[in-house]
S.K.: 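The structure follows.
In what follows, chains carry the letters A, B, and so on, assigned in the order in which the sequence lines appear, proteins first and then strands, with residues in each chain numbered from 1.
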Amino acid sequence: MELIKDLPEIFEEFAEQRKNSFLAIKQLKENGVPIVGVFCTYLPQEIPAAMGAGVVGLCSTSDETIPDAEMDLPRNLCPLIKSSYGFAKTDKCPFFYFSDLVVGETTCDGKKKMYEYLADFKPVYVMELPNKQSEDGYEMYRREIIRFQKVLEEKFGVTITEEQIRHATKIRNQERVALKNLYGLMKLDPAPMLGMDLLNVLTGAQFKFNKEASAEELEAIAERIQAEYEEGKHLEKRPRILVTGSPIHGAASKVVKAIEDNGGVVVVFENCGGVKSVDELVDESNPDIYEALAKRYLNIGCSCMAPNPHRFTLLRELIKEYKVDAVVDVALQACHTYNVESIGVKRLVTEEFHLPFMSLEADYSSSDIGQLNTRMAAFIEML
Amino acid sequence: MRTLGIDSGSTTTKGVLMEDGKMIKYMLLPTTAKPAESIREIYNALYSPQVDKIVSTGYGRDLIKEADRKVTEITCHARGAAWLKGHIQAVIDIGGQDCKAILLDSNHQVMDFLMNDKCAAGTGRFIEMMMRTLEVPLENIDAFVADRTPANITSMCTVFAESEIVSLLAEEIEPGDIALGMIHAICRRTAYFARKMKLGGDIFFSGGLARYEIFRQTLEEYLQLPVHTHELSQYAGAIGAALIAMR
């Protein structure tokens with residue numbers, strides 16, 4: 001694939017991708033394509049994709065609708081949950097508006113309780129997610145995936161074949177490989193680009209509906225970055241930061257901006273939307289495709305798992321592979337699971353790797369930008 | 001080499017002039033609603049063409065264009081505190097609008113730090129507000145609470161503490177007991193906050209409240225570690241800035 005634009009323009013486009021997809025989804029809808037709105041990365045997107053549905057992420061990341069949400073939900077609740085509920089309630093998000101079915105999973109307490117009341121405005125289906133990655137857990141999730149497939153078949157009057165699921169799996173795996181190649185470039189030292197640009201690409205890619213074209217584009221971008229790097233176009237040497245914790249795109253990306261405005265570079269995002277939810281491929285060679293999907297998805301190391309060993313295994317790998325100088329753990333306000341787990345991450349980073357560690361609690365407001373900048377500047381002065 | 005460090009804090013603005021590692025001049029002004037003017041006043045009083053480098057720090061550090069560098073108050077406080085008291089291993093700073101705990105390594109470099117900057121509870125603002133409600137000047141606090149028994153204060157929210165004070169006064173509790181109760185509340189909170197890091201050895205206590213012995217003593221009680229202060233501890237940030245300017 002030939003890229004017509006240069007990299008800064010492409011990054012800018014990805015940053016705007018979510019908005020640009022408003023029209024795309026309207027188009028899909030007008031062409032009679034069913035739209036399935038999803039929240040978590042635990043949802044096997046291959047199943048709705050197999051029936052030709054448009055799959056769109058609904059996790060909302062702006063404080064715009066939080067006051068509306070707080071009319072129903074407690075104030076002391078995670079901003080992502082409030083924001084998502086608020087967008088559904090006010091119909092301000094076109095992705096919610098066009099979704100024929102909204103699918104959640106029993107992840108954190110806040111989300112699963114919110115889904116009960118979200119059902120007042122939207123057709124909601126909740127998949128039951130096990131609490132841990134045990135043999136029983138994989139088996140249960142396999143059954144849940146089959147159940148979810150039946151729900152789709154009944155709701156949309158279609159039949160989803162194994163062949164279709166395998167085809168969708170192949171395409172999603174291609175996209176994963178392309179994303180991995182792209183973020184893997186950040187292993188280069190000095191880093192080829194800002195973490196903010198990478199984050200925009202990772203987030204924007206989730207809002208591209210043609211996954212085959214998207215994978216091709218991502219490959220072309222990675223090639224371009226590599227080529228420019230070899231010509232000497234890259235960042236100056238900066239302290240290399242790993243960011244982990246709650247989802248970091250949207251309003252919470254103020255943390256990434258504060259790190260990079262103060263002289264650091266985020267070389268890897270372990271968060272949802274980053275390595276955590278992209279890294280592992282679905283085993284296409286498994287004769288039981290449902291088992292392959294159950295394993296791949298349930299393996300995601302989110303703090304709603306207890307215990308959550310996969311997050312720590314992944315962090316260990318990433319700290320080494322990306323030659324990380326320090327780790328910043330971001331928990332959204334009142335995100336209990338990530339907030340609690342922060343002590344475990346601190347121990348891993350400081351005791352096993354003897355690296356500087358910072359934990360931050362963030363909301364979606366812009367009121368703490370000043371303090372955030374001071375903290376980040378001091379943290380980077382320390383490195 | 002002559003350097004100038006300016007620390008623009010939320011309550012006071014401090015300036016320190018140094019020559020070859022010696023303090024030759026220093027001054028402090030209240031920070032007004034226009035912090036840039038307080039900075040300008042300090043700058044005009046301390047600057048001369050002999051000054052080689054200027055470093056600014058504190059919340060208003062971006063407001064002075066003459067600064068050669070802007071460094072955060074965390075790094076500056078650590079450097080300044082270690083200059084005032086060489087053997088310290090950590091700094092606890094209770095400022096006007098936040099509270100910081102800084103851990104130092106053997107080279108006086110920042111190893112780790114914590115900041116409470118989300119609300120006024122546990123900051124100098126809390127004490128200022130309390131003393132205003134009790135109608136006692138902050139300067140008299142040591143004498144005011146001498147030999148008192150601390151009243152039990154449950155609320156640490158600056159807004160709710162005020163109503164708690166009002167109800168304690170209505171119960172005819174001695175104002176000195178209430179004030180001491182508040183001091184215990186803030187020191188206990190600060191100690192719990194700082195102990196999230198592995199504290200050990202000697203602690204340097206800075207910020208406006210460090211001027212009053214009762215805070216040092218109570219903090220020591222809750223930390224169970226020796227707490228030191230210095231008559232110039234309020235200048236720690238500006239001293240650190242002037243020292244960093246020398247490099």
Side-chain angles (χ1 to χ4, degrees), chain A residues 75-76 79 239 241 252 254-255 258-259 261-264 325-335 339-383, chain B residues 7-10 35 55-63 67 69-80 82 90-91 93 95-105 107-120 123 157 193 195-198 237 240-241 243-245 247:
Chain A
R75 287 195 62 198
N76 183 23
I241 313 291
K254 63 185 175 183
V255 178
I259 292 171
D261 282 352
N262 289 293
D325 295 313
V327 173
V328 175
D329 185 25
V330 186
L332 290 174
Q333 203 174 54
C335 172
N339 266 314
V340 172
E341 209 166 271
S342 193
I343 181 70
V345 178
K346 180 181 182 170
R347 284 179 189 148
L348 174 106
V349 174
T350 58
E351 291 168 20
E352 239 176 84
F353 289 92
H354 307 287
L355 288 176
F357 169 83
M358 172 179 278
S359 79
L360 278 176
E361 204 177 1
D363 59 13
Y364 286 169
S365 76
S366 52
S367 61
D368 61 350
I369 301 281
Q371 290 100 319
L372 202 53
N373 270 317
T374 298
R375 264 176 210 233
M376 281 307 151
F379 188 61
I380 286 159
E381 281 167 9
M382 196 175 105
L383 300 176
Chain B
D7 178 5
S8 167
S10 67
V55 167
S56 61
T57 186
Y59 280 87
R61 64 182 178 277
D62 291 327
L63 298 172
R69 261 182 84 190
K70 298 164 176 79
V71 180
T72 62
E73 51 272 34
I74 308 281
T75 306
C76 289
H77 261 97
R79 191 62 55 80
V91 180
D93 177 83
Q97 66 171 26
D98 66 16
C99 172
K100 303 181 263 286
I102 309 163
L103 209 58
L104 305 183
D105 66 11
N107 297 320
H108 296 156
Q109 301 292 323
V110 179
M111 204 157 68
D112 200 358
F113 67 92
L114 290 172
M115 263 175 101
N116 156 37
D117 52 20
K118 289 279 183 219
C119 87
T123 69
C157 168
F193 160 77
R195 280 205 306 234
K196 280 191 181 171
M197 295 188 305
K198 289 198 175 93
L243 289 169
I244 289 166
R247 285 188 309 181

S.K.: Counting only heavy atoms closer than 4.5 Å, note whether B/K196 contacts chain A via side chain, backbone, both or neither.
M.R.: backbone
S.K.: Between A/F357 and chain B, with a heavy-atom cut-off of 4.5 Å, which part of the residue counts as in contact: side chain, backbone, both or neither?
M.R.: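 For A/F357, the contact with chain B is made by the backbone alone.
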S.K.: Do you know which of B/R61, B/E73, B/Q109 has the most heavy-atom pairs under 4.5 Å to chain A?
M.R.: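 Of the candidates given, the most pairs with chain A belong to B/R61.
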S.K.: Which atom names give the shortest non-hydrogen contact between B/T72 and A/T374, and what distance separates them?
M.R.: CG2-O, 3.5 Å
S.K.: Identify the two heavy atoms, one from B/F113 and one from A/R375, that lie closest to each other, and give their separation to 0.1 Å.
M.R.: CZ-O, 3.4 Å
S.K.: Looking at CE of B/M115 and CG of A/L372, how far apart are the two atoms once the value is rounded to the nearest 0.5 Å?
M.R.: 10.0 Å
S.K.: Let me confirm one number: the CZ-OG1 distance from A/F379 to B/T75, rounded to the nearest 0.5 Å.
M.R.: 12.0 Å
S.K.: Could you measure the distance from the CD atom of A/E381 to the CZ atom of B/R69? Nearest 0.5 Å is fine.
M.R.: 7.0 Å
